[in-house]
Amino acid sequence: MIVRTRFAPSPTGFLHIGGARTALFSWAFAKKHGGTFILRIEDTDVARSTPEAVQAILDGMQWLGLDYDEGPFYQMQRMDRYKEVIRKMLQEGSAYYCYCSKEELDALRENQMQQGLKPRYDGRWRPEEGKTLPEPPQDIPPVIRFKNPKDGHVSWNDLVKGEISIANQELDDLIIARADGTPTYNFCVVVDDWEMGITQVIRGDDHVNNTPRQINMLKALGATIPQYAHLSMILGGDGQKLSKRHGAVSVMQYDEDGYLPEAVLNYLARLGWSHGDDEIFSKQQFCEWFDLDHITPSAAQFNTDKLNWLNAHYIKQASPETLAREMKKRLAKLHVAVSAQPDLFAVIDLYKERANTLNELAASIAYFYQKPVIDQAAAEKHLTADIKPVIAKLADLLGAVDWQAEAIHHAINEVVTQYQLKFPKVAMPLRVMLTGIAQSPSIDQVMALLGRDEVLTRINQA
RNA sequence: GUCCCCAUCGUCUAGAGGCCUAGGACACCUCCCUUUCACGGAGGCGACCGGGGUUCGAAUCCCCGUGGGGACGCCA
């Protein structure tokens with residue numbers, strides 16, 4: 001059987017971390033099995049769906065490199081097909097008109113809740129053998145409901161959670177078409193998964209409760225039932241549910257914040273899935289290794305520290321060209337223009353092992369291209385009066401030195417010896433004067449890159 | 001309320017009845033490297049939710065608690 005998976009977001013907001021992982025797993029499963037990955041936009045909620053959100057989802061997937069083989073399909077463009085299926089179901093008797101008003105249903109629900117019952121439709125318009133239906137009211141446009149089986153159980157072997165079984169008694173006759181005739185989510189999903197030949201439905205576990213209803217409809221339509229894999233949710237770093245109000249951000253925000261897509265992908269892959277003790281793997285490796293058997297059924301908490309660690313790793317691995325491009329872009333945002341000297345590639349090389357994010361990296365090298373902001377605390381600690389003459393002497397020496405890290409180091413050593421100091425006693429004030437702060441790579445290497453003129457200027461100005 | 005799901009270090013996880021004195025990774029701590037801070041290297045701290053079963057043997061299987069989460073829309 002040829003594997004066909006799909007990612008089916010509703011375009012009501014950006015692609016967030018949970019959606020991204022669902023997409024990633026669906027995508028990887030298809031890749032692993034040489035199958036087809038389909039993108040389907042579930043935009044039947046006309047009021048909340050926007051073209052901007054569609055674009056945001058497309059952007060997010062592109063940034064992560066999750067390419068789809070078919071689609072994007074838009075459900076709103078498949079209306080005719082849905083209506084045709086509904087017509088057929090009405091004919092065959094697996095669906096029926098219901099003339100309850102919203103108010104009537106609200107009252108019913110409230111009543112059931114009060115009695116401690118599970119709120120559900122009581123089937124008052126459900127046609128039954130030997131049952132006389134009320135006369136349809138003229139003023140209420142009917143909805144269409146699916147005639148769910150009354151007895152027995154719906155069971156499936158969830159590829160993540162194992163055997164799940166739900167009594168049909170727990171299920172009511174859900175609405176498959178609104179009063180205005182537009183079909184609803186659960187129905188469209190069924191038709192699409194069926195007609196698009198989806199073999200594995202990989203989605204968030206908030207859909208577990210929809211699955212038995214969908215299976216029943218699939219059965220009523222005589223369709224093949226796909227396999228289901230329900231992924232548990234991703235919690236925020238504080239263990240709380242992610243929501244628009246609380247911590248849920250677009251995957252594009254990670255780009256904004258200086259994360260490489262490889263890092264985000266690798267992080268997401270390991271969140272809820274594992275391959276023994278492996279922590280770092282390429283996208284290709286992931287596709288080869290990925291399986292549904294090693295997905296945890298329990299919810300996972302997002303951990304920025306670990307993402308940072310992975311990001312630091314991928315920054316070290318990144319090509320010089322990638323990093324240079326990113327640095328130009330990110331320095332520009334800091335209003336720093338990169339000049340020809342010091343050489344950006346050399347600067348990056350000196351700093352890339354020290355940053356967790358691209359933004360950190362950009363901020364840390366900014367002083368090469370603009371005057372540093374001197375940290376006051378560092379200045380007070382290191383730029384002491386007694387060191388001034390030593391630095392002055394060093395400046396003298398530097399004027400004539402061959403401008404190489406080694407020679408510069410030699411010059412510093414000379415004054416260190418002359419004044420009988422420890423090396424850091426001189427290196428630290430230099431750091432503060434040249435970079436603004438007390439932490440930097442080897443000061444001689446920094447100086448070599450900064451250039452003689454700039455070094456002397458900064459020393460004089462400090 | 002009803003139904004469904006989940007439960008191993010702080011976090012992500014390994015674990016398919018004996019390989020478990022429970023492994024790895026992040027974080028944290030110590031030491032080494034060192035020109036400061038990082039990087040890197042070596043160590044350390046740290047968990048099977050509770051109670052019953054089943055079994056010669058349970059982190060693993062079953063039951064009951066407890067805790068957490070999800071669903072119960074003319075949203076998706």
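Order of the sequence lines sets the chain letters (A, B, ...), proteins ahead of strands, with each chain counted from 1.
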Would you say a side-chain N or O of [X] is under 4.0 Å from OP1 or OP2 of [N]?
X: A/R178; N: B/C75; result: yes
X: A/S232; N: B/C5; result: no
X: A/K316; N: B/G40; result: yes
X: A/H294; N: B/A16; result: no
X: A/R21; N: B/C12; result: no

For [X], report the nucleic acid contact type (base, sugar-phosphate, nothing); a contact means any heavy atom under 4.0 Å.
X: A/E279; value: base
X: A/G272; value: sugar-phosphate
X: A/K241; value: sugar-phosphate
X: A/K161; value: sugar-phosphate
X: A/V143; value: base
X: A/C98; value: nothing

For the side chain of [X] and the base of [N], is some donor closer than 3.5 Å to an acceptor across the two?
X: A/R120; N: B/C72; result: no
X: A/R270; N: B/U13; result: no
X: A/D205; N: B/G70; result: no

Check the orientation of [X] and [Y]. Use parallel for under 30°, tilted for 30 to 60°, and perpendicular for over 60°.
X: A/F290; Y: A/F25; result: tilted
X: A/F286; Y: A/F281; result: parallel
X: A/Y228; Y: A/H230; result: parallel

Item to check | Step-by-step salt bridge (charged side-chain N to carboxylate O under 4.0 Å, His left out) determination, A/R124 to A/D122 | outcome: CA-CA 6 Å; A/R124 60 185 69 172; A/D122 62 2; 2.9 Å; yes

Checklist entry - RNA chain B: A/H207 or A/H275, which has the more 5' nearest nucleotide? => result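 Its nucleotide being nearer the 5' end, the pick is A/H275.
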
Item to check | Which residue lies more 5' along RNA chain B, comparing A/L105 with A/P441 via nearest heavy atoms | outcome: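 Residue closer to the 5' terminus by nearest nucleotide: A/P441.
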
Measure the distance from [atom1] on [X] to [atom2] on [N] and round it to the nearest whole Å.
X: A/Q445; N: B/C39; atom1: CD; atom2: C1'; result: 13 Å
X: A/K306; N: B/G10; atom1: NZ; atom2: C1'; result: 13 Å
X: A/W273; N: B/G15; atom1: CH2; atom2: P; result: 11 Å

Across all strands, who's sitting opposite [N] as a Watson-Crick or G-U wobble pair, both distances under 3.5 Å?
N: B/C3; result: B/G70
N: B/U55; result: none
N: B/C49; result: B/G65
N: B/G10; result: B/C26

Between [N] and [M], how far is it from one [atom1] atom to the other, in whole Å?
N: B/C56; M: B/G70; atom1: P; result: 43 Å
N: B/G41; M: B/U54; atom1: C1'; result: 48 Å
N: B/A7; M: B/A25; atom1: P; result: 24 Å
N: B/C48; M: B/A22; atom1: P; result: 11 Å
N: B/U60; M: B/C19; atom1: C1'; result: 14 Å
N: B/C28; M: B/C61; atom1: P; result: 35 Å
N: B/G24; M: B/G15; atom1: P; result: 15 Å
N: B/C74; M: B/U13; atom1: P; result: 35 Å

Checklist entry - Run the ring pair (Phe, Tyr, Trp, His ring centres under 6.0 Å) check on A/F29 and A/F37 step by step: do they pass? => result CA-CA 9 Å; A/F29 188 79; A/F37 176 57; over 10 Å; no

Next on the checklist: With salt bridge (charged side-chain N to carboxylate O under 4.0 Å, His left out) as the criterion, how do A/K83 and A/D80 come out once you've worked through the C-alpha distance, each side chain's angles and the decisive distance to 0.1 Å?
Outcome noted: CA-CA 5 Å; A/K83 286 178 181 171; A/D80 292 348; 5.8 Å; no

Checklist entry - Is the side chain of A/W156 donor-acceptor paired with the backbone N or O of A/Q227 at a distance under 3.5 Å, no angle test? => result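 No: the side chain of A/W156 does not pair with the backbone of A/Q227.
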
Checklist entry - Of the nucleotides B/U2, B/C74, B/U35, which one has an atom closest to the side chain of A/D444? => result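 Minimum distance to the A/D444 side chain belongs to B/U35.
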
Next on the checklist: So if I take every side-chain heavy atom of A/N209 and compare against B/C5, B/A7, B/C3, which nucleotide ends up nearest?
Outcome noted: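 Looking only at side-chain atoms, A/N209 lies closest to B/C3.
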
